[in-house]
Amino acid sequence: QVKVVESGGGSVQAGGSLRLSCVASGRAFSTYARAWFRQAPGKEREFVAGVYWDGDRTLYSDSVKGRFTISRDNLTNTVYLQMNSLKLEDTAVYFCATGSVLGLTAREYGYWGQGTQVTVSS
């Protein structure tokens, strides 16, 4: 049974930091791409960051580049999202996704977590 579980969300003031974690189990996810998406109320789910299976190659959306860092630990099937200099517009539910390719659209990922809320306040 495949399970994808996020943790680490919460409330933070603008300019602060949070670190999200996501553990996947049930398959050999060390060879899969991992990504983070987010969805704000009334908006579509959008790509935030992704990392190839080797952990060396990463992709970021322009809105988070330079502020967020994605990393992974294949020994524990965990992917992280370090979020610094958070802005009000980063408020959203953040989802962890796993797929065979590193794509920019949600439909390219077959395994999803339940999401974790990140709220940034002024």
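The first residue of the sequence shown is numbered 1, and numbering continues consecutively from there. Side-chain atoms are counted along with the backbone in the values below, which use heavy atoms only and exclude waters and symmetry mates.
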Could you state whether Val118 and Leu81 fall into the same hydrophobic cluster, counting links through intermediate Ile, Leu, Val, Met, Phe, Trp or Tyr residues with side-chain heavy atoms under 4.5 angstrom apart? yes
Check whether any side-chain heavy atom of Val51 sits under 4.5 Å from a side-chain heavy atom of Val79, and report yes or no. yes
Just to verify, what does Tyr94 make a ring-ring contact (aromatic ring centres under 6.0 Å, His included) with, not counting sequence neighbours? none
Which donor-acceptor pairs under 3.5 Å do side chains of residues 8-18 form with protein atoms, sequence neighbours excluded?
{"from": "Ser17", "atom 1": "OG", "to": "Asn84", "atom 2": "OD1", "distance (Å)": "2.9"}

Search all heavy atoms of Thr91 against all heavy atoms of Val120 and return the closest pair with its distance. OG1-N, 2.9 Å
Going by salt bridge (charged side-chain N to carboxylate O under 4.0 Å, His left out), name the pairs with one or both residues in residues 55-67, residues two or more places apart or in two chains. Asp54-Arg57, Asp62-Lys65, Arg67-Asp90
If you compare all heavy atoms of Leu88 against all heavy atoms of Ser122, which two are closest, and at what distance to 0.1 Å? CD2-N, 3.5 Å
Consider only side-chain heavy atoms of I, L, V, M, F, W and Y, link residues closer than 4.5 Å, and tell whether Trp53 and Phe29 are in one cluster. no
Distance-only criterion, 3.5 Å: show the donor-acceptor pairs between side-chain atoms of residues 101-113 and protein atoms not counting sequence neighbours.
{"from": "Thr105", "atom 1": "OG1", "to": "Glu108", "atom 2": "OE2", "distance (Å)": "2.7"}
{"from": "Glu108", "atom 1": "OE2", "to": "Leu104", "atom 2": "N", "distance (Å)": "3.2"}
{"from": "Glu108", "atom 1": "OE2", "to": "Thr105", "atom 2": "N", "distance (Å)": "3.1"}
{"from": "Tyr109", "atom 1": "OH", "to": "Gly103", "atom 2": "N", "distance (Å)": "3.0"}
{"from": "Tyr109", "atom 1": "OH", "to": "Gly103", "atom 2": "O", "distance (Å)": "2.7"}
{"from": "Tyr111", "atom 1": "OH", "to": "Arg27", "atom 2": "NH1", "distance (Å)": "2.5"}
{"from": "Trp112", "atom 1": "NE1", "to": "Tyr109", "atom 2": "O", "distance (Å)": "3.1"}

Judged by atom type as modelled, is there a donor-acceptor pair below 3.5 Å linking the side chain of Gln39 to the main-chain atoms of Glu44? no
Run the side-chain hydrogen bond (donor to acceptor under 3.5 Å, both in side chains) test against Thr76 and tell me which residues pass, sequence neighbours left out. Asp73, Thr78
Set of ring-ring contact (aromatic ring centres under 6.0 Å, His included) partners for Tyr80, sequence neighbours left out: none
Identify which one of Asn74, Thr98, Asn77 satisfies the side chain to side chain donor-acceptor pair (under 3.5 Å) criterion when paired with Arg34. Thr98
Does Glu46 use its side chain to pair, donor to acceptor, with the backbone of Arg38 at less than 3.5 Å? no
Can you name the closest pair of heavy atoms from Tyr52 and Arg72 and give their distance? O-NH1, 3.0 Å
Which heavy-atom pair separates Ser21 from Trp36 by the least distance, and what is that distance? O-CH2, 3.7 Å
Just wondering, do Phe68 and Leu86 contact through their side chains at under 4.5 Å, heavy atoms? yes
side-chain contact (heavy atoms from CB on, under 4.5 Å), that's the test. Do Gln114 and Glu6 meet it? Break it down for me. CA-CA 7 Å; Gln114 79 289 347; Glu6 304 100 334; 3.0 Å; yes
Check the pair Arg45 / Phe95 against side-chain contact (heavy atoms from CB on, under 4.5 Å), numbers first and verdict last. CA-CA 9 Å; Arg45 193 167 297 189; Phe95 296 89; 3.4 Å; yes
Check step by step if ring pair (Phe, Tyr, Trp, His ring centres under 6.0 Å) holds for Phe37 and Phe47. CA-CA 4 Å; Phe37 284 74; Phe47 176 85; 5.6 Å; yes
